[in-house]
Amino acid sequence: MTYLELLAPARNAEIGIAAIDCGADAVYMAGPSFGARQDASNEVAEVARVCAHAARYGARVFVTLNTILYDSELDRAEELMRSLEKAGVSAFIVQDLALVRLAAKAGIKVPLHASTQCAIRTPEAARMYSSLGFSRLVLERQLSLEDIRAVRAATDAELEFFVHGALCVCYSGQCYLSEHLAGRSANRGACTQACRSRYDLEDAEGNTLVRNKALLSLKDYNLSDRLEDLAEAGVCSFKIEGRLKNISYVRNVTRSYSLGLDRLVSEHPERYCRASYGNVVRGFNPDLSKTFNRGYTELFLDGRRGRWAAMDIAKGRGEEVGMVVNVKPGRRGLELLVRTLPGVRLANGDGFTFTSGGEVTGFRAELCEGNTVICKEVQGIRPGVTLYRNVSAAFERELQAGTCSRDIPAEVSLAFSRDASGNHTVVAEALTADGRKVSVRQECGGVTADNQDRMRSMAEVQMGRKTGDYEFTLVKLVGRPLPLLSAASLNAIRRALAEELDRTQCLCTPLKGPGCEDCSSSLLSGRHIDYRGNVSNALSRQVCLDHGAAQVDEAYELSHAGGAELMRTKYCIRYELGMCLMHSDTRNRSELFLVNNGRRLALGFDCRNCEMTVREASGLPHNHRR
């Protein structure tokens with residue numbers, strides 16, 4: 001049986017708890033420091049609060065310690081790991097190899113998961129990180145199903161894969177563009193998202209081929225229709241991106257993917273089951289089109305190129321709602337008549353976007369009357385513009401009103417007996433879906449019910465109610481005659497069972513335990529680990545040397561190596577613009593450059609491996625030279 005885990009992001013404790021209530025089997029969040037999203041840190045006490053809530057359903061909390069560390073930070077990182085272990089976290093998501101040694105030295109038993117920042121995209125890399133003691137590998141997003149299968153065959157570590165959210169254009173953990181341009185390292189949690197900035201595209205002569213486009217910006221990932229393919233390829237954890245996203249986003253996306261995994265389990269109950277317990281009840285109907293996105297893509301999952309770019313919508317556009325057919329000033333503001341798509345209903349407070357002159361403009365509706373939108377003055381709006389909705393006021397109200405909760409099924413058995421003196425006793429047992437079994441014994445007095453069938457029916461009704469986290473169902477009632485019991489007495493028995501269950505920790509499904517570093521491994525034998533190894537302290541350097549590396553260079557953040565490759569990616573600007581040297585008859589074979597505020601970046605095209613690179617450009621365009 002394969003356990004399938006839905007792993008949701010949590011910027012804070014409130015969002016983490018909401019994600020679990022919406023069906024997440026695990027959440028990942030940062031502690032006070034060393035997380036790769038500086039704006040999503042949490043105190044240890046807040047992490048512990050989420051751990052306590054998760055434990056009620058056998059769910060887990062993973063903490064990101066996935067920045068590279070400097071020598072002066074190692075003691076603090078070790079201390080933090082100890083504190084988080086006491087708080088009840090289930091795993092650490094890490095990048096820096098120093099943490100392998102620190103955890104072993106400190107006797108920390110929490111498993112280590114190799115972060116996506118480790119850029120694991122080959123069987124060789126998978127074997128290396130497994131040998132270092134990582135029990136789970138978070139794979140690079142720019143992989144195909146075939147690539148995932150190859151990694152699965154190379155290691156017995158658990159595999160985690162992103163299925164939804166924003167996409168880094170560069171291979172994860174090997175983007176140095178933010179550090180190069182602004183001195184803010186993505187590997188230190190301070191990425192400026194330079195890939196979402198606008199650039200001009202120039203040739204070697206300085207001719208502008210494309211002006212003012214987000215040329216490195218990708219659409220968002222959406223693999224909601226590919227969960228079974230991923231499970232068959234060997235993925236056990238399905239990860240949602242978004243530790244900087246708000247609670248509405250996390251609730252909507254988590255609920256959508258949880259329902260998707262439930263369908264997969266129901267179709268193949270002999271193969272799959274969920275990694276936590278409890279049925280989500282109440283709530284709302286999720287809709288991925290109504291949450292923040294830049295348009296969706298499945299990227300390279302099928303091993304084929306597609307149009308992945310979001311050059312005009314780096315900030316998110318939303319769902320298409322129709323076309324503006326008339327614009328006129330009115331007494332209450334600007335009035336827009338919209339020819340809406342079938343099924344679209346506009347509402348007061350909706351947020352809209354449109355593209356004009358290459359720029360995405362957003363505005364809010366003051367009023368919506370049928371297909372007329374009344375708003376404040378909006379520059380650039382005109383008839384013929386396609387209108388998108390990036391905030392659905394009606395859907396936001398549904399999200400706020402439709403609070404999810406989880407019920408754990410529990411089967412109840414009642415066994416009645418009567419002693420020689422005529423006194424009745426009942427032993428009540430409850431067995432939960434996760435395997436907890438508790439019992440309570442209660443004296444029931446000496447009065448026998450006159451109507452035995454009615455008493456039995458009453459017991460079935462009163463014992464089959466929800467109490468706390470438990471949805472009780474009476475499945476067995478033995479012993480006759482039944483005593484005369486009031487509804488209050490039966491309710492008290494049910495509450496006593498719930499209290500006993502609360503005192504018994506929910507049984508978690510198996511999580512692969514901590515690995516052991518294989519110091520005899522020589523997978524790095526003779527290798528030169530350059531700046532892309534992200535080695536930023538003496539301890540991680542020693543780990544590499546102990547595993548056979550011949551030379552270990554400093555991380556880019558320390559060395560700022562000249563001529564360094566700032567990005568490498570499967571995304572290709574030439575392909576997106578119809579200028580691919582392999583798949584088109586383009587005549588433009590000039591070198592290409594990205595230009596932003598006078599800074600020039602040289603694009604390289606590794607056609608053999610079908611990859612694009614970005615480096616600092618040297619010199620000026622030919623027509624700018626003297």
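What's counted below: heavy atoms across the whole structure, side chains too, no hydrogens, waters or symmetry copies. We're numbering straight along the sequence, starting at 1.
Residue Arg599 holds its CZ atom at 9.5 Å from CG of Asn597, rounded to the nearest 0.5 Å. Remark: Thr467 OG1 to Arg494 CZ distance equals 3.5 Å, nearest 0.5 Å. Taken from CG in Leu594 to CD1 in Ile573, the straight-line distance is 4.5 Å, to the nearest 0.5 Å. How far CG of Leu216 is from OG1 of Thr569: 8.5 Å, rounded to the nearest 0.5 Å.
Taking 4.0 Å as the cut-off between side-chain N and carboxylate O, Glu5 and Arg136 count as a salt-bridged pair. Ion pairing between a basic and an acidic side chain is recognised when a charged N comes within 4.0 Å of a carboxylate O; Arg60 and Asp25 show no such pairing.
Crowding of Glu43 atom CD: a count of heavy atoms from other residues, nucleotides or ligands under 6.0 Å not exceeding 12. Atom CD of Gln379 is surrounded by 12 or fewer heavy atoms from other residues, nucleotides or ligands within 6.0 Å. Applying the 6.0 Å contact sphere to CD of Glu146 captures no more than 12 heavy atoms from other residues, nucleotides or ligands.
With a 6.0 Å cutoff to the six-membered ring centre and a 45° limit on the axis angle, Arg141 does not count as a cation-pi contact of Tyr221. Figure legend: cation-pi geometry between Lys239 and Tyr28, with NZ or CZ positioned under 6.0 Å from the six-membered ring centre and within 45° of its axis. A cation-pi arrangement is not found for Lys219 relative to Tyr296, the charged atom failing to lie both closer than 6.0 Å to the ring centre and inside a 45° cone about the ring normal.
A centroid separation of 6.0 Å or more is found between the aromatic rings of Tyr249 and Phe292.
For the residue pair His268/Glu228, the side-chain donor-acceptor check at 3.5 Å is satisfied. Under the 3.5 Å distance criterion, with hydrogens and angles disregarded, a donor-acceptor pair is assigned to the side chains of Arg282 and Ser405. The closest side-chain donor-acceptor pair between Ser258 and Arg274 falls under 3.5 angstrom. Between the side chains of Asn246 and Ser248, no donor-acceptor pair is found at a separation under 3.5 Å. Counting only N and O atoms by type, the side chains of Thr432 and Asp434 include a donor and acceptor under 3.5 Å apart.
Residues Cys368 and Ala347 come closest through the heavy atom pair SG-O, 3.3 Å. For Gly23 against Leu6, the heavy-atom pair with the smallest separation is O-CD2, 4.2 Å. Across every non-hydrogen atom of Cys191 and Arg184, the tightest pair is O-NH2, 4.1 Å.
Arg307 contributes a side-chain N or O that, together with a main-chain N or O of Glu576, makes up a donor-acceptor pair within less than 3.5 Å.
The aromatic rings of Phe472 and Tyr470 sit tilted relative to each other, their planes meeting at an angle between 30° and 60°.
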